[in-house]
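Note that these values count all heavy atoms, side chains included, but never hydrogens, waters or copies made by symmetry. Numbering starts at 1 and runs along the sequence shown. Source: prediction; values computed, not measured.
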Amino acid sequence: MSFIAECFHIFQQGGPVMYLLLACSLLAATIGVERFLYYRKMKADIHDFTEKITPLLERADWMAAGELCRQTQGIAAMVAAKGIGHIQRGCANIESVLEGEASLAVASLRANLNHLDTVVTIAPLLGLLGTVIGMISSFSVMNIKAGQPQAITGGVGEALIATATGLCVATVAMLLYSYFNHRLDDLITNIEKTCLLLLGYAKQEKCHEIA
């Protein structure tokens with residue numbers, strides 16, 4: 001209980017900016033949990049999926065391939081299912097359609113990451129603002145209480161709490177942002193591999209029809 005009381009005391013010493021930093025930390029934590037759960041849902045074993053769908057595409061069994069995509073978890077399978085649907089409807093420019101579907105999928109994967117990037121940028125600035133406000137207050141104390149150096153040194157110590165908190169929030173948010181960007185790159189690669197696979201067999205079938 002004393003630890004919680006001490007943390008609350010330090011939080012109050014940081015000044016009003018600490019409430020904004022608390023909001024930033026809660027935002028970063030919320031985005032972190034939401035993106036982690038979403039990326040875990042969108043992830044799939046791309047090698048297993050490719051091995052299963054390739055024989056179907058070789059036979060041009062688009063119906064079975066579409067059913068496999070709908071039964072498979074992951075963003076790549078979702079994009080493939082939409083692409084196969086367009087192929088079955090005889091879409092003339094399947095390459096543009098796949099690019100559009102892939103772009104929409106990537107946009108959903110990038111959602112909220114820009115907010116995390118904003119936290120990385122703004123948290124240190126808020127911490128610096130809190131420190132500047134605290135320093136101004138400390139110098140005001142010095143003018144009123146001349147001959148009491150402990151008054152200003154104590155004020156400086158309290159002012160630095162905001163900077164330290166801002167740097168901590170920004171560091172954690174940066175780690176989350178970097179981690180999710182790595183996850184994002186993997187998912188985008190899976191989407192690209194799947195789209196290239198579908199596009200190759202779609203063009204191959206079209207060439208056969210023309211021949």
Side-chain angles (χ1 to χ4, degrees), residues 7 19-58 61-88 91 94-124 126 165-202:
C7 290
Y19 291 97
L20 295 176
L21 290 172
L22 177 62
C24 287
S25 63
L26 291 175
L27 177 62
T30 302
I31 293 174
V33 172
E34 187 272 333
R35 288 290 90 183
F36 177 79
L37 295 176
Y38 183 72
Y39 284 176
R40 186 173 66 175
K41 180 181 178 181
M42 293 297 103
K43 184 181 178 181
D45 188 346
I46 191 65
H47 299 293
D48 181 63
F49 174 65
T50 302
E51 288 179 358
K52 289 180 179 178
I53 198 172
T54 300
L56 301 176
L57 297 179
E58 288 176 349
D61 192 349
W62 298 106
M63 185 175 293
E67 185 62 29
L68 173 64
C69 292
R70 287 186 287 272
Q71 293 176 357
T72 303
Q73 180 178 335
I75 191 77
M78 290 171 58
V79 173
K82 292 178 180 179
I84 290 172
H86 288 290
I87 292 171
Q88 288 178 306
C91 178
I94 188 61
E95 185 173 358
S96 297
V97 170
L98 284 174
E99 286 179 0
E101 294 293 348
S103 297
L104 291 174
V106 171
S108 68
L109 292 172
R110 292 187 189 278
N112 294 329
L113 289 185
N114 58 331
H115 299 313
L116 203 56
D117 188 33
T118 301
V119 172
V120 172
T121 304
I122 200 173
L126 288 174
T165 304
L167 291 174
C168 289
V169 172
T171 300
V172 173
M174 186 64 197
L175 290 173
L176 288 173
Y177 184 74
S178 178
Y179 169 73
F180 288 127
N181 265 305
H182 285 300
R183 295 285 300 273
L184 176 64
D185 289 340
D186 291 338
L187 291 170
I188 291 176
T189 300
N190 291 344
I191 293 172
E192 290 175 345
K193 288 179 179 178
T194 304
C195 287
L196 288 173
L197 184 67
L198 284 180
L199 186 60
Y201 282 103

statement: Between Ala44 and Asn190 the two heavy atoms that sit nearest each other are O-ND2, 4.3 Å
- request: Keeping the roles fixed (side chain from Thr30, backbone from Leu26), state whether a donor-acceptor pair exists under 3.5 Å.
  value: yes
field: Side-chain (Ser178) to main-chain (Leu175) donor-acceptor, under 3.5 angstrom
entry: no
field: Full working for side chain to side chain contact (heavy atoms under 4.5 Å, CB included) between Leu56 and Trp62
entry: CA-CA 7 Å; Leu56 301 176; Trp62 298 106; over 6 Å; no
- line: Closest heavy-atom pair, Met174 versus Val120, reported as atoms and distance to 0.1 Å, is N-CG2, 3.5 Å
- prompt: Under 3.5 Å, is there a donor-acceptor pair between the side chain of Tyr177 and the main chain of Thr118?
  reply: no
field: Interatomic spacing from CG in Leu27 to CG in Asn112 - rounded to 0.5 Å
entry: 8.5 Å
- prompt: Are there more than 12 heavy atoms of other residues, nucleotides or ligands under 6.0 Å from atom CD1 of Ile188?
  reply: yes
Atom pair CD1/CG of Ile31 and Asn114 - distance to nearest 0.5 Å: 8.0 Å
- prompt: Which heavy atom in Ile53 sits nearest to a heavy atom in Cys69, and how many Å separate them?
  reply: CD1-SG, 3.6 Å
- request: Would you sort out whether Leu176 and Phe36 count as a side chain to side chain contact (heavy atoms under 4.5 Å, CB included), showing the intermediate values?
  value: CA-CA 10 Å; Leu176 288 173; Phe36 177 79; over 6 Å; no
query: Rounded to the nearest 0.5 Å, how far does CG of Leu184 lie from CZ of Arg110?
result: 5.0 Å
- prompt: Nearest 0.5 Å, what's the CG-CD distance between Leu198 and Glu95?
  reply: 12.5 Å
- request: Give, for atom CD1 of Ile191 and atom CG of Asp186, the distance between the pair rounded to the nearest 0.5 Å.
  value: 11.5 Å
message: Considering only residues two or more places apart or on different chains, which pairs with a residue in residues 28-43 satisfy salt bridge (charged side-chain N to carboxylate O under 4.0 Å, His left out)?
response: none
message: So does Glu51 get a backbone contact from the side chain of Thr54, meaning a donor-acceptor N/O pair under 3.5 Å?
response: no
message: Give me the atom names and distance for the closest heavy-atom approach of Ile84 to Gly66.
response: CD1-N, 3.8 Å
Considering all heavy atoms, the nearest Cys24-Leu126 contact: SG-CD1, 3.9 Å
- request: Walk me through it: do Tyr38 and Phe180 pass the test side chain to side chain contact (heavy atoms under 4.5 Å, CB included)?
  value: CA-CA 11 Å; Tyr38 183 72; Phe180 288 127; over 6 Å; no
task: With rounding to the nearest 0.5 Å, note down the distance linking OG1 in Thr189 to CG in Asp185.
output: 6.5 Å
- prompt: With side chains defined as the heavy atoms from C-beta onward, is the minimum distance between Ser25 and Leu22 less than 4.5 Å?
  reply: yes
query: side chain to side chain contact (heavy atoms under 4.5 Å, CB included) between Thr194 and Val79: does it pass, once the steps are laid out?
result: CA-CA 8 Å; Thr194 304; Val79 173; over 6 Å; no
task: Please report the closest heavy-atom contact between Gly83 and Leu98, naming both atoms and the distance.
output: CA-CD2, 3.7 Å
